[in-house]
4 protein chains.
Amino acid sequence: MKKSKPKYNQIIEAAVIVIAENGYHASQVSKIANKAGVADGTIYLYFKNKEDILVSVFEEKMGQFIERIVEGINEKQKANEKLFTLVEMHLRQLSEDHHLAIVTQLELRQSNSALRQQINKVLKPYLAVIDEIVKEGMEENIFRDDLNIRLVRQMIFGTIDEIVTNWIMKDGKYDLVKQAPTIHTLLSNGLTVK
Amino acid sequence: MKKSKPKYNQIIEAAVIVIAENGYHASQVSKIANKAGVADGTIYLYFKNKEDILVSVFEEKMGQFIERIVEGINEKQKANEKLFTLVEMHLRQLSEDHHLAIVTQLELRQSNSALRQQINKVLKPYLAVIDEIVKEGMEENIFRDDLNIRLVRQMIFGTIDEIVTNWIMKDGKYDLVKQAPTIHTLLSNGLTVK
Amino acid sequence: MKKSKPKYNQIIEAAVIVIAENGYHASQVSKIANKAGVADGTIYLYFKNKEDILVSVFEEKMGQFIERIVEGINEKQKANEKLFTLVEMHLRQLSEDHHLAIVTQLELRQSNSALRQQINKVLKPYLAVIDEIVKEGMEENIFRDDLNIRLVRQMIFGTIDEIVTNWIMKDGKYDLVKQAPTIHTLLSNGLTVK
Amino acid sequence: MKKSKPKYNQIIEAAVIVIAENGYHASQVSKIANKAGVADGTIYLYFKNKEDILVSVFEEKMGQFIERIVEGINEKQKANEKLFTLVEMHLRQLSEDHHLAIVTQLELRQSNSALRQQINKVLKPYLAVIDEIVKEGMEENIFRDDLNIRLVRQMIFGTIDEIVTNWIMKDGKYDLVKQAPTIHTLLSNGLTVK
DNA sequence: AATGAATGAGGATTCATTCAT
DNA sequence: CATGAATGAATCCTCATTCAT
């Protein structure tokens with residue numbers, strides 16, 4: 001966590017749970033405060049407004065999320081191993097924190113466009129990690145050398161994101177992480193018989 | 001159109017414009033009524049409630065959207081041609097109706113999860129079309145025979161969806177349709193050198 | 001009343017009573033709505049916001065207030081009779097509407113400076129009436145010809161206003177109108193023995 | 001100053017500036033504390049509550065204000081000289097402390113009626129000084145012997161007060177003190193040709 | 001004496017929906 | 001069918017005040 005203030009973290013953790021359980025619009029500030037064990041007004045000592053809670057949740061959690069993936073990737077040598085690690089850890093991390101998955105895949109998207117811009121900014125470093133893997137793969141001659149990096153990044157992120165969202169909307173009834181190899185193969189080899 | 005009542009369509013068209021221009025949360029029923037040239041109360045003669053307007057917008061527009069894609073696909077023989085047609089027409093149709101693209105890619109997602117369930121129901125036939133293409137491709141031995149249809153569908157839809165969303169968030173500043181071949185190649189052949 | 005909408009007037013009348021009885025800051029919109037026999041939301045069909053109620057109360061009441069004084073003055077020939085009429089009617093009108101007197105003398109002054117500017121605008125015509133009397137008096141050679149009109153106006157208004165405010169703060173325990181002749185004499189002849 | 005504690009005075013001075021610059025309603029206790037260079041809580045070691053700060057500001061400043069006027073008056077023999085001195089010094093003192101003038105003429109009046117009662121109490125000695133002058137003038141046969149002291153006091157105070165308020169609302173754009181003779185003449189001789 | 005983090009009560013306003021005409 | 005005036009529930013945020021340190 002960026003800030004070591006305990007109340008700040010209490011509120012962040014409470015917000016994830018309350019938003020996951022009630023949905024963003026039914027998550028009154030007082031409900032979050034209550035769950036965090038602080039007074040309503042205390043929220044505003046740590047956050048500018050209700051939206052800021054949401055952005056901060058995303059920043060904090062996304063920060064850890066990316067950090068861990070980057071660590072995992074750094075242990076790998078080849079771009080396709082790195083891609084596999086990214087897919088697998090993306091799925092694993094959301095798989096292991098159901099509340100967080102609900103918030104990122106469903107509730108966070110209910111935000112207005114101002115908020116969405118901020119969320120995109122937080123997401124940038126993650127997208128940069130994807131770009132980096134793709135570039136490395138092209139340089140290593142593991143990936144084709146004519147790839148449009150932006151489109152590849154959108155395919156990789158769009159695919160994983162859609163898969164996680166579907167899983168969440170099915171209430172996480174099946175094993176998400178187990179699908180990492182298949183997804184990786186799909187992205188690597190595409191649909192066509194060679 | 002489900003109903004041939006002219007006011008029904010007036011309201012649907014007004015809703016697309018108002019939501020695209022103002023965003024979901026700033027699109028009051030009275031604003032839509034005003035744009036449609038009817039009284040507020042009249043809305044409720046044609047729609048159960050505000051959510052119902054949104055679902056209906058999506059139903060109507062998605063109905064046409066899918067219909068046209070199915071027509072396009074039926075003219076093709078091979079699964080990979082069909083897939084190309086689907087990608088190209090998906091991009092083209094949203095490219096040509098900016099208002100609709102904003103509504104489907106951004107504003108509609110701000111709805112609560114109850115509404116999102118209904119939207120998914122509307123989306124089902126489209127996803128079924130994708131599934132059908134994949135199955136045909138496998139039978140024709142054009143696509144690999146070990147594909148997990150659900151995951152493939154999520155990759156195809158997730159990729160296109162992410163690409164369109166990014167395009168909209170960049171205010172449609174570049175040519176979307178032109179990217180269809182590259183996207184199709186990516187989905188078909190994946191990232192890896194063969 | 002400027003507007004013949006009955007609810008508009010109901011709300012104005014309710015506001016005078018509620019504000020006079022509770023003070024401006026303890027006069028919640030819901031309390032005014034309740035007194036007026038309308039829903040809270042209805043207030044906002046007729047007034048922009050809470051401040052607008054206050055300004056409108058003043059506009060409506062001040063409009064009548066001035067109108068009557070002007071009528072009274074027009075029946076008089078000489079400036080000093082007109083001045084007497086102004087003093088007497090000013091006192092009489094506030095004397096006869098205790099609620100209104102509380103609102104104008106006490107509660108209205110708790111407004112912020114933005115509101116006060118608007119109130120001053122409403123007051124302008126009344127001050128103009130005073131100016132007119134003074135000018136006439138000077139032309140008629142009834143008043144001294146070296147008067148500084150602005151200062152005279154401020155003396156006349158300041159004197160009456162202070163007297164009414166003191167009366168209100170003593171809960172209207174004595175007869176205000178009866179003092180008109182003395183006040184008029186004071187303003188006319190000053191303090192000094194001639 | 002009632003208390004010789006330096007922080008007490010720091011807070012009083014800070015309050016005058018903060019209230020004059022921000023207006024009464026935007027003058028949070030924390031803003032005053034900040035300006036005074038003390039912690040929020042420290043305010044409550046010297047003042048019972050926020051209202052008490054205001055009353056104390058008025059008491060302290062009014063105390064000095066009256067003291068100086070009394071000194072000035074004591075140097076004069078005749079009641080009409082004393083009245084002139086009172087008018088002139090009233091204008092001069094507020095003229096020379098713009099912040100204080102804003103607070104006394106505008107911001108302090110936004111207080112609720114409970115506070116206003118206390119303010120009136122503080123004002124009493126000043127009104128007594130006016131009364132004294134009037135009585136002396138009557139005894140000296142300089143002023144008419146049939147004056148209603150209360151009304152005369154209200155005329156004198158109301159006139160000066162209204163003139164200062166108008167001056168403040170015009171941002172002190174003209175010379176206030178220069179008007180003392182005219183005001184004094186008006187109060188002494190009234191409007192009428194003799 | 002001094003601090004300042006924490007408290008929590010309180011209220012204007014919006015807008016989807018109704019229903020008398 | 002159509003209207004649109006009226007309804008009223010629902011909530012974020014501020015800020016004076018407290019009290020453990």
Side-chain angles (χ1 to χ4, degrees), chain A residues 5-8 10-11 25-34 36-53, chain B residues 5-8 10-11 25-34 36-54, chain C residues 5-8 10-11 24-34 36-54, chain D residues 5-8 10-11 25-34 36-54:
Chain A
K5 310 264 192 133
K7 301 237 157 134
Y8 177 83
Q10 279 172 45
I11 295 166
H25 284 114
S27 294
Q28 297 87 340
V29 170
S30 63
K31 217 180 251 173
I32 295 172
N34 186 258
V38 301
D40 291 16
T42 304
I43 297 274
Y44 294 88
L45 296 177
Y46 296 92
F47 302 92
K48 228 173 43 249
N49 51 37
K50 192 183 171 186
E51 261 197 7
D52 190 32
I53 305 177
Chain B
K5 308 281 185 110
K7 300 225 165 153
Y8 177 84
Q10 279 170 43
I11 295 166
H25 283 115
S27 294
Q28 297 86 341
V29 170
S30 63
K31 215 179 253 174
I32 295 172
N34 186 259
V38 302
D40 292 15
T42 304
I43 297 274
Y44 292 87
L45 299 174
Y46 295 92
F47 301 91
K48 218 170 58 245
N49 52 33
K50 192 184 176 184
E51 269 198 2
D52 190 30
I53 305 176
L54 281 170
Chain C
K5 311 264 190 134
K7 301 238 158 131
Y8 177 85
Q10 278 170 45
I11 295 166
Y24 178 62
H25 284 115
S27 293
Q28 298 87 339
V29 170
S30 63
K31 218 180 250 174
I32 295 172
N34 186 259
V38 301
D40 291 16
T42 305
I43 298 273
Y44 293 87
L45 296 177
Y46 296 92
F47 302 91
K48 226 175 41 252
N49 50 36
K50 191 182 172 186
E51 261 197 8
D52 190 33
I53 305 178
L54 201 59
Chain D
K5 309 281 184 102
K7 300 227 164 150
Y8 177 84
Q10 279 171 43
I11 295 166
H25 283 114
S27 294
Q28 298 85 341
V29 170
S30 63
K31 214 179 252 173
I32 294 171
N34 186 259
V38 300
D40 292 17
T42 305
I43 298 273
Y44 292 88
L45 299 175
Y46 295 92
F47 301 91
K48 219 169 58 242
N49 52 34
K50 191 184 176 184
E51 270 198 1
D52 190 31
I53 306 176
L54 281 170

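Remember, predicted model here, so these are calculated numbers, not experimental data. Residue numbering restarts at 1 for every chain, and letters A, B, ... go by the order of the sequence lines.
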**Asked** So, for Ile32(D) and Ile11(D), which heavy atoms are closest and what is the spacing to 0.1 Å?
**Response** CG2-O, 4.1 Å

**Fill in**
Sorted by position of nearest nucleotide on DNA chain E, 5' first, the leading residue of Gly37(D) and Ala39(A) is Gly37(D)

How close or far is atom [atom2] of [N] from atom [atom1] of [X], stated in whole angstroms?
| X | N | atom1 | atom2 | result |
| --- | --- | --- | --- | --- |
| Leu45(C) | dT14(E) | CG | C1' | 11 Å |
| Tyr8(A) | dA5(E) | OH | C1' | 18 Å |
| Leu54(C) | dA12(E) | CG | C1' | 15 Å |
| Tyr24(C) | dG11(E) | OH | P | 13 Å |
| Ile43(C) | dC15(E) | CD1 | C1' | 16 Å |
| Gln10(A) | dA6(E) | CD | C1' | 12 Å |
| Ile11(B) | dT3(F) | CD1 | C1' | 13 Å |
| Asn34(A) | dG8(E) | CG | P | 11 Å |

**Item:** Canonical and wobble pairing (Watson-Crick, G-U, under 3.5 Å) of DNA chain E, dot-bracket with |
**Value:** .||||||||||||||||||||

**Asked** Which nucleotides of nucleotides 16-21 of chain F have their base under 4.0 Å from a protein heavy atom (B), which only their sugar-phosphate (S), and which neither (-), written as one string 5' to 3'?
**Response** SBB---

**Request:** Any chance you could measure Ile43(B), atom CD1, to Tyr8(B), atom OH, to the nearest 0.5 Å?
**Result:** 11.5 Å

**Complete:** Contacts of Asp52(C) meeting side-chain contact (heavy atoms from CB on, under 4.5 Å) (sequence neighbours excluded), chain-then-number -> Phe47(C), Lys48(C), Asn49(C), Ser56(C)

**Request:** With sequence neighbours excluded, tell me which residues meet side-chain contact (heavy atoms from CB on, under 4.5 Å) with Tyr44(D).
**Result:** Val29(D)

**Request:** Report yes if a side-chain nitrogen or oxygen of Lys7(D) is closer than 4.0 Å to either non-bridging phosphate oxygen (OP1 or OP2) of dA2(E); otherwise report no.
**Result:** yes

**Phosphate contact (dT3(F) OP1 or OP2) by Thr42(B) side-chain N/O below 4.0 Å** = yes

**Prompt:** How would you list, by chain and number, every residue that makes a side chain to side chain donor-acceptor pair (under 3.5 Å) with Lys31(A), sequence neighbours excluded?
**Reply:** Gln28(A)

